[in-house]
Amino acid sequence: MDFLRNLFSRMGSTEKVLDELTLTGVARYIRSGKCKNIICMVGAGISTSAGIPDFRSPASGLYANLQNYNLPYPEAVFNLDYFKEHPEPFFALAKQLYPEQLRPTMCHYFMKLLKDKGLLRRCYSQNIDTLERVAGLEEKDLIEAHGTFHTSHCVRFNCQKAYNLDWMKQKIFSDAIPRCDKCRSLVKPDIVFFGESLPVRFFTSTKMDFPQCDLLIIMGTSLQVQPFASLVGKVSKKCPRLLINREKAGEAKPLFGFLGFRGGMDFDSDKAYRDVAYIRTCDAGCLALADLLGWKAELKELVKREHARIDRQG
């Protein structure tokens with residue numbers, strides 16, 4: 001029944017909210033005052049300029065740099081059973097994910113600016129690097145779909161002692177395998193490994209947030225990992241969707257798009273009416289949008305001030 005409802009809803013008329021399918025059109029819509037509930041969906045591409053590599057780039061991605069550990073397959077590093085037997089590859093990867101000095105990117109601070117201006121309903125992140133938190137987004141602003149390094153727990157079922165970020169970072173940067181002070185079992189950051197369920201809050205929040213969304217901004221993600229990728233189809237039919245990425249992503253094949261699978265985006269067909277692709281780096285896209293909104297100087301000053309504060313803290 002859900003499939004049929006989705007199918008027939010897509011056959012109805014569509015309301016065009018943007019006056020043009022460009023970044024300028026998106027900026028005019030935001031400035032109009034009609035846009036009050038922006039959701040950001042973000043992936044690894046928003047953190048690469050902070051020095052954190054993405055996962056799948058052939059030469060520089062995290063998976064490519066794990067070859068020395070003779071993994072049976074790259075994704076084994078996030079397999080819970082493999083981790084319990086061979087934790088070394090995961091913690092080698094964790095050290096790459098965690099530069100000693102965390103400096104969020106312009107993209108992170110653009111989302112903080114959206115929050116400060118009362119426009120950000122929520123940020124849904126695939127990332128586990130905590131840079132959204134460092135930039136000033138609070139737990140209530142964030143849905144960390146794949147978990148986070150912010151907290152960790154002992155993997156032993158009848159222990160599960162909790163550990164904080166500072167404890168885990170000290171272990172990672174001293175090249176020690178983190179073990180529980182209480183029972184000596186492994187301690188794992190609270191990130192979602194393959195086969196584990198996503199946080200309950202991911203599912204409860206999407207039901208509340210996406211029907212209210214009036215602009216979806218998608219940044220730095222290939223939209224290939226489910227169920228995260230399916231979120232683009234949970235906004236209303238009239239809700240504009242802006243993709244800021246190095247390449248187009250999330251486009252539905254013509255037949256699948258008609259049938260409603262994935263809520264795929266349509267940037268280029270003669271039926272396109274709400275989807276905008278801005279093909280640049282995430283930082284460049286956020287700076288360009290901030291400029292069109294009249295926020296460019298404010299954003300650059302925020303980045304400069306916050307980076308100086310982080311540098312002083314060492």
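Computed from heavy atoms alone, side chains included, the values below leave out hydrogens, waters and symmetry copies. Numbering of residues begins at 1 and proceeds along the displayed sequence.
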*Asks:* Can you check whether Ile191's main-chain N or O pairs, donor with acceptor, with Lys188's side chain at less than 3.5 Å?
*Replies:* yes

*Asks:* Determine, stepwise, if the pair Leu18 / Val26 fulfils side chain to side chain contact (heavy atoms under 4.5 Å, CB included).
*Replies:* CA-CA 7 Å; Leu18 302 179; Val26 172; 4.1 Å; yes

*Asks:* Taking the side chain as C-beta and beyond, is there a heavy-atom pair between Thr221 and Val42 under 4.5 Å?
*Replies:* no

*Asks:* What are the two closest heavy atoms between Cys282 and Cys107, and how far apart are they?
*Replies:* CB-SG, 4.0 Å

*Asks:* Whether the side chain of Thr105 engages the backbone of Ile46 through a donor-acceptor N/O pair (distance < 3.5 Å, no angle test) should be reported.
*Replies:* yes

*Asks:* Walk me through it: do Phe210 and Leu216 pass the test side chain to side chain contact (heavy atoms under 4.5 Å, CB included)?
*Replies:* CA-CA 9 Å; Phe210 279 79; Leu216 183 62; 4.0 Å; yes

*Asks:* So that I know where these two stand, are Phe90 and Phe193 an aromatic pair - ring centroids less than 6.0 Å apart?
*Replies:* yes

*Asks:* Taking side chain as C-beta onward, heavy atoms only, is Cys180 less than 4.5 Å from Arg184?
*Replies:* no

*Asks:* Just to verify, which of Leu243, Ile217, Leu231, Ile143 counts as forming a side chain to side chain contact (heavy atoms under 4.5 Å, CB included) with Met41?
*Replies:* Leu231

*Asks:* Can you find a heavy atom in the side chain of Arg156 that is under 4.5 Å from one in the side chain of Val187?
*Replies:* no

*Asks:* Between Thr130 (side chain only) and Arg133 (backbone N and O only), is there a donor and an acceptor less than 3.5 Å apart?
*Replies:* no

*Asks:* If you draw a 6.0 Å radius around NZ in Lys161, do more than 12 non-hydrogen atoms from other residues or ligands fall strictly inside?
*Replies:* yes

*Asks:* Closest heavy-atom contact between Leu293 and Ala27?
*Replies:* CD2-O, 3.6 Å

*Asks:* If you compare all heavy atoms of Gly43 against all heavy atoms of Gln126, which two are closest, and at what distance to 0.1 Å?
*Replies:* CA-OE1, 3.7 Å

*Asks:* I'd like to know if the side chain of Thr206 reaches the main chain of Phe203, judged simply by a donor and an acceptor atom lying under 3.5 Å from each other, with no hydrogens or angles considered.
*Replies:* yes

*Asks:* Answer with yes or no whether the side chains of Glu144 and Ser125 bring together a donor and an acceptor at under 3.5 Å.
*Replies:* no

*Asks:* Is the shortest distance from a Lys or Arg side-chain nitrogen in Glu247 or Arg280 to a carboxylate oxygen in the other one below 4.0 Å?
*Replies:* no

*Asks:* Do side-chain atoms of Arg241 reach the backbone of Asp275 as a donor and acceptor pair under 3.5 angstrom?
*Replies:* no

*Asks:* Report yes or no: do Tyr124 and Asp209 form a side-chain donor-acceptor pair below 3.5 Å?
*Replies:* yes

*Asks:* Could you state the interatomic distance from CG (Leu289) to OH (Tyr278), rounded to the nearest 0.5 Å?
*Replies:* 9.0 Å

*Asks:* Scan side-chain atoms only and decide if Asp190 and His153 contain a donor-acceptor pair under the 3.5 Å cut-off.
*Replies:* yes

*Asks:* Could you tell me if the side chain of Val77 sits less than 4.5 Å from the side chain of Tyr82, heavy atoms only?
*Replies:* no

*Asks:* Does Arg246 have more than 12 heavy atoms from other residues, nucleotides or ligands lying within 6.0 Å of its CZ?
*Replies:* no

*Asks:* With a 4.0 Å cut-off on N to O distance, would you call Arg121 and Asp141 a salt bridge?
*Replies:* no

*Asks:* Is a donor on one side and an acceptor on the other found under 3.5 Å between the side chain of Asp214 and the backbone of Asn37?
*Replies:* yes

*Asks:* Are the ring centres of Phe173 and Phe91 closer than 6.0 Å?
*Replies:* no

*Asks:* For Lys112, is there an ion pair with Glu138 - N to carboxylate O distance below 4.0 angstrom?
*Replies:* no

*Asks:* Does any part of the side chain of Pro227, heavy atoms only, come nearer than 4.5 Å to the side chain of Leu198, both counted from C-beta?
*Replies:* yes

*Asks:* Checking side chain to side chain contact (heavy atoms under 4.5 Å, CB included) between Cys123 and each of Lys115, Met111, Met219, which is the one that passes?
*Replies:* Met111

*Asks:* Do the side chain of Asp266 and the main chain of Ser269 share a donor and acceptor less than 3.5 angstrom apart?
*Replies:* yes

*Asks:* Which heavy atom of Asp311 sits nearest to which heavy atom of Arg103, and what is that distance?
*Replies:* OD1-NE, 3.2 Å

*Asks:* What are the two closest heavy atoms between Leu142 and Arg122, and how far apart are they?
*Replies:* N-CD, 4.2 Å

*Asks:* Mark yes when over 12 heavy atoms from residues, nucleotides or ligands other than Lys234 sit less than 6.0 Å from its NZ; otherwise mark no.
*Replies:* no

*Asks:* Does the side chain of Tyr29 come within less than 4.5 Å of Leu215's, by heavy atoms?
*Replies:* yes

*Asks:* Judged by atom type as modelled, is there a donor-acceptor pair below 3.5 Å linking the side chain of Ser47 to the main-chain atoms of Ala50?
*Replies:* no

*Asks:* Does Ser230 offer a backbone N or O that forms a donor-acceptor pair with the side chain of Gln226 under 3.5 Å?
*Replies:* yes

*Asks:* Mind running side chain to side chain contact (heavy atoms under 4.5 Å, CB included) on Thr151 and Leu165 for me, showing each step along the way?
*Replies:* CA-CA 6 Å; Thr151 54; Leu165 177 61; over 6 Å; no

*Asks:* Quick one: does Asn164's side chain have a donor or acceptor within less than 3.5 Å of a partner on Asp166's backbone?
*Replies:* yes

*Asks:* Looking at Arg309 and Glu306, is any side-chain nitrogen of the basic one under 4.0 Å from a carboxylate oxygen of the acidic one?
*Replies:* yes

*Asks:* Linking I/L/V/M/F/W/Y whenever any side-chain heavy atoms sit under 4.5 Å apart, do Ile279 and Leu23 land together?
*Replies:* no

*Asks:* I want to check something: taking the side chain as every heavy atom from C-beta on, are Leu186 and Phe83 in contact at a cut-off of under 4.5 Å?
*Replies:* yes

*Asks:* Any idea how His307 and Tyr109 line up, ring-wise: parallel (<30°), tilted (30 to 60°), or perpendicular (>60°)?
*Replies:* perpendicular

*Asks:* What are the two closest heavy atoms between Leu131 and Pro104, and how far apart are they?
*Replies:* O-CG, 3.7 Å

*Asks:* Can the positive tip of Lys300 be found less than 6.0 Å from the middle of the six-membered ring of Trp295, inside 45° of the ring normal?
*Replies:* no

*Asks:* Counting C-beta onward and ignoring hydrogens, is there a side-chain heavy-atom pair between Cys154 and Cys183 closer than 4.5 Å?
*Replies:* yes

